[in-house]
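Remarks on the structure that follows.
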Protein chains: 2
Amino acid sequence: MRSSIVDVASKAGVSIATVSRVLNGSDKVKAKTREKVLAVINEMKYAPNPAARGLIMKKTEAIGLLLPDLHGEFFSEIIRGADEAVQQQGYHLIVSSSHNDPNEIEAALRFMRGRVDAIVLMSPQVNSEILLENLPKGLPIVLLNCRTDNTHYDTIVIDGYGGAKEMTNYLLDLGHRRIAVITGGENNLESEERLRGYRAAMTDRNFTPARTLEFTGNFTEISGYEAVKQILALKHHPTAIFAFNDSMAIGAIKALREEGLRIPSDISVCGFDDIPVGKYISPSLTSVHVPISDLGAMAINRVFDRLTKRTRDTTAHVFVPTKLCLRSSCKKITLMSNLEKEENVA
Amino acid sequence: MRSSIVDVASKAGVSIATVSRVLNGSDKVKAKTREKVLAVINEMKYAPNPAARGLIMKKTEAIGLLLPDLHGEFFSEIIRGADEAVQQQGYHLIVSSSHNDPNEIEAALRFMRGRVDAIVLMSPQVNSEILLENLPKGLPIVLLNCRTDNTHYDTIVIDGYGGAKEMTNYLLDLGHRRIAVITGGENNLESEERLRGYRAAMTDRNFTPARTLEFTGNFTEISGYEAVKQILALKHHPTAIFAFNDSMAIGAIKALREEGLRIPSDISVCGFDDIPVGKYISPSLTSVHVPISDLGAMAINRVFDRLTKRTRDTTAHVFVPTKLCLRSSCKKITLMSNLEKEENVA
DNA sequence: GTCGCAAATGTAAACCTTTACATTGCTGTG
DNA sequence: CACAGCAATGTAAAGGTTTACATTTGCGAC
């Protein structure tokens, strides 16, 4: 049996109210009384029961973080950024992964309801109706990269469109014309935005983005690896592969190497997200930089804004810019292969 | 105001006991009553208050996972393995990082007390007295790679000694004699064990492990990077660097490249842990394989063992074997440099 | 010495569930 | 028809806090 506040009270010869007061920033308790109570608390190693406290206070000091997946450094960085921000406020993190499954999302959300003071939800793949339906009411919620038609919740969205467009333009500037992309799958907001950016860049420069050069992945290394196997089955290889995240780019590089292709001399590869390890792989990975851990921290801090200044009812919609991060996995291609390319596209 | 069980009861025209019974696997409730209650519950989107439930049931359906850090793929894999295992049981994870700071550990532990049904704690750096003192009593606890003199808790420990010894022997077999190590810092169990293994392998083969070849890191990439800067300041460079985890090995490789050294032709590098990305960096990283995500899952499953079969009072102490994972970052060195080396050591 | 007032402390209700025990209502048997 | 017995449901206590309100204490002023 854990000791309760009554045990402390009786042992200290005071009432439970006094103990409670000592515990909570203490209203006005005589210094001597406080000392005595504190001594007993330490002696008994008493700690208030969070369930009882939560029951009456309606406050848990925990924030829920629901991510689509836990594979790879992207999510690990999100968690790290969020944990740091949360710890700064003496709060804690309840982490869950949904595998993009509406049922799991619902289960996690139900679990969190009443256990957390707010929720940060990242779910690029589930459509907004399902989401909105399951979102607990009366709880601050920050949507991270969610498909969000309505403006009822705070949102943080990465500029996938702009980032992908910029990257595509960079590749075009290097002379690439046959640029294959590896997407993150259907109905995935992040993937769709990046695809939109890629296509827009192509179209803006009067190239027709070929559907045959768009390959479907799912943001995992293995899917990048497998996409390359398909890409290499093409009669005319692309000169560049733009994977819609770094994990797939890393998988792609492995597959390309296995086929004896050198990067970037034989083929250029680039990714998206700029996960920390991208600097260390060889060749170092050209990518679209996203401030990943900041994203986690931003979401948490937004949550705290809500939690403290409750007056502020206006939802905030943050659009996070990206920036090209040029390293050594992409190369300017020769005029000859360039021409060969134009020919293919035409 | 969230609706409570009373609202449901009155709306359904039954007592709260009946609602509760319907909610919890239902004892014996007439089918018709159950239906009606269920209908109301759905209509009102009622969900029981976890705090109230936790208060009376003393059960939270959450497991605490306290890690020393959240940087890098090692911990991300631990979390992933743990989350998968936990989700299989309908439980959830409360994750926290301690930064190896006793105060933060204490705070996290205090926070978890009453909020979780069990705790998985990884803390290779904090000594056992402090730990033992702060560990909540009456809660199943699994210690992961903790310095653990006593046998009162379940423990899971990686065979750092054996793994490091094996790796060192491998390097010796390749002809290396001047082998520098980058450790994980003082008082870190993992680091100490690996250092012990390294030294033992050297001594067993009648080489004296030189203290001047032991460099102190802290398991982060940057510390591996910085250690190499020191290593290269040595008059006689080592022919191999054994970093005590992969992150430091990755940092070391970056530093070596910056100094114009080729790996493995100029110098061999190896790590420990075999994090997933090791396969993808170049050269692919020779490492000591640790089943990282399994470790997380094992810990959680051990916790559930405890939670279900309470009878079983014997603590389990699992020793996780490692296995050498040879890739391409280490190379056999020539007889000449080999001889040159022996000379240096002598 | 008494009174008043403020400071310090105590009492009890409220938070929302689960569940042991009490009660109701019904079925079937003698 | 009465009643035993059981199934279904209801009542109320318990769990550990916080806090509004009530009470006590102590002190200064008259």
Side-chain angles (χ1 to χ4, degrees), chain A residues 1-38 40-41 44-62 110-117 136 138-139, chain B residues 1-38 40-41 44-62 110-117 136 138-139:
Chain A
M1 289 301 109
R2 272 181 51 191
S3 49
S4 90
I5 198 172
V6 242
D7 305 325
V8 176
S10 74
K11 190 153 190 173
V14 297
S15 77
I16 58 167
T18 302
V19 177
S20 179
R21 276 189 275 256
V22 170
L23 246 27
N24 308 343
S26 55
D27 251 301
K28 307 127 164 261
V29 182
K30 206 157 65 180
K32 201 172 151 190
T33 315
R34 184 203 320 290
E35 265 173 49
K36 178 161 195 177
V37 172
L38 246 22
V40 174
I41 286 175
M44 304 180 74
K45 285 176 183 302
Y46 164 76
N49 179 326
R53 188 174 233 167
L55 181 58
I56 193 159
M57 304 263 275
K58 298 165 186 310
K59 191 158 166 291
T60 63
E61 294 180 323
R110 208 193 350 252
F111 178 88
M112 285 179 180
R113 180 168 188 164
R115 267 178 251 254
V116 299
D117 295 337
L139 221 52
Chain B
M1 288 302 107
R2 273 180 51 190
S3 48
S4 88
I5 199 172
V6 223
D7 305 324
V8 175
S10 74
K11 190 153 192 172
V14 297
S15 75
I16 57 167
T18 302
V19 177
S20 178
R21 277 189 274 256
V22 170
L23 246 27
N24 308 343
S26 55
D27 251 301
K28 307 126 164 262
V29 182
K30 207 155 65 179
K32 201 173 154 191
T33 316
R34 184 204 319 289
E35 267 174 48
K36 178 160 196 177
V37 172
L38 247 22
V40 174
I41 285 175
M44 305 180 74
K45 284 176 185 302
Y46 164 76
N49 179 325
R53 189 174 232 168
L55 182 56
I56 193 160
M57 304 262 276
K58 295 165 188 311
K59 192 158 165 290
T60 63
E61 293 180 325
R110 207 191 355 249
F111 177 89
M112 285 178 179
R113 180 169 187 165
R115 284 183 163 90
V116 299
D117 294 337
L139 222 53

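Every chain is numbered from 1 and lettered A, B, ... according to where its sequence line falls, protein lines coming before strand lines.
You'll find the side chain of V14(A) stays beyond 4.5 Å of the side chain of R21(A), heavy atoms only. Side-chain contact between L139(B) and R113(B): absent, with no pair of heavy atoms (C-beta onward) separated by less than 4.5 Å. Side-chain contact check for Y46(A) versus D7(A): every heavy-atom pair is 4.5 Å or farther apart. Counting heavy atoms from C-beta on, the side chains of P48(A) and L23(A) come closer than 4.5 Å. By the 4.5 Å heavy-atom criterion applied to side chains, L38(A) and V22(A) are counted as neighbours. A heavy-atom distance below 4.5 Å is found between the side chains of K59(B) and E61(B).
The CZ-P distance, from R21(A) to dT11(C), rounds to 11 Å in whole Å. Atom C1' of nucleotide dT18(C) and atom CG of N49(B) are separated by 13 Å, given to the nearest angstrom. When rounded to the nearest whole Å, the span between CG of L23(A) and P of dG16(D) equals 15 Å. N24(A) has its CG atom 17 Å from the P atom of dG16(D), to the nearest Å. The separation between I16(B) atom CD1 and dA20(C) atom P is 15 Å, rounded to whole Å. In this structure, I5(B) atom CD1 and dC16(C) atom C1' are separated by 8 Å, rounded to whole Å. Remark: P of dT17(C) and NZ of K59(B) are 16 Å apart, rounded to the nearest angstrom. As rounded to whole Å, 12 Å separates atom C1' of dG15(D) from atom CE of M57(B).
Toward the 5' end of DNA chain D, the nearer of the two residues S4(A) and K30(A), judged by each one's closest nucleotide, is S4(A). When the nearest nucleotides of DNA chain C are assigned to L55(B) and T33(A) by heavy-atom distance, the more 5′-ward of the two goes with T33(A).
Here the nucleotide nearest the side chain of I56(B), chosen from dT17(C), dT9(D), dT19(D), is dT17(C). In this structure, of dT18(C), dT9(D), dT9(C), it is dT9(D) that holds the atom nearest to the side chain of V29(B). For A52(B), the listed nucleotide lying nearest its side chain is dC16(C); candidates were dT19(D), dC16(C), dG16(D). If you check dT17(D), dT9(D), dG10(C) against the side chain of P48(A), the one that comes closest is dT17(D). Of the candidate nucleotides dT9(C), dT18(D), dT17(C), dT9(C) has the atom lying nearest to any side-chain atom of S15(A). Listed nucleotides: dA8(D), dC16(C), dT17(D). Nearest to the side chain of K58(A): dC16(C).
Axis angle, first five pairs versus last five pairs of the helix from dG1(C)-dC30(D) to dG30(C)-dC1(D): 60°, rounded to 10°.
Between Y46(B) and dT17(C), a side-chain N or O to OP1/OP2 separation shorter than 4.0 Å is present.
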- Please report the C-alpha distance between T18(B) and V29(B) in whole Å, then the side-chain angles of each, then the deciding distance to 0.1 Å, and finally whether the side-chain contact (heavy atoms from CB on, under 4.5 Å) criterion is met. CA-CA 7 Å; T18(B) 302; V29(B) 182; 4.2 Å; yes
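Looking at heavy-atom distances under 4.0 Å, V14(B) makes contact with sugar-phosphate atoms alone, never a base. Looking at heavy-atom distances under 4.0 Å, S20(B) makes contact with a base.
Between the CD1 atom in I41(A) and the CZ atom in R34(A) there is a gap of 10.5 Å [rounded to 0.5 Å].
Side chain R53(B) to base dG15(D): no donor-acceptor pair is found below 3.5 Å.
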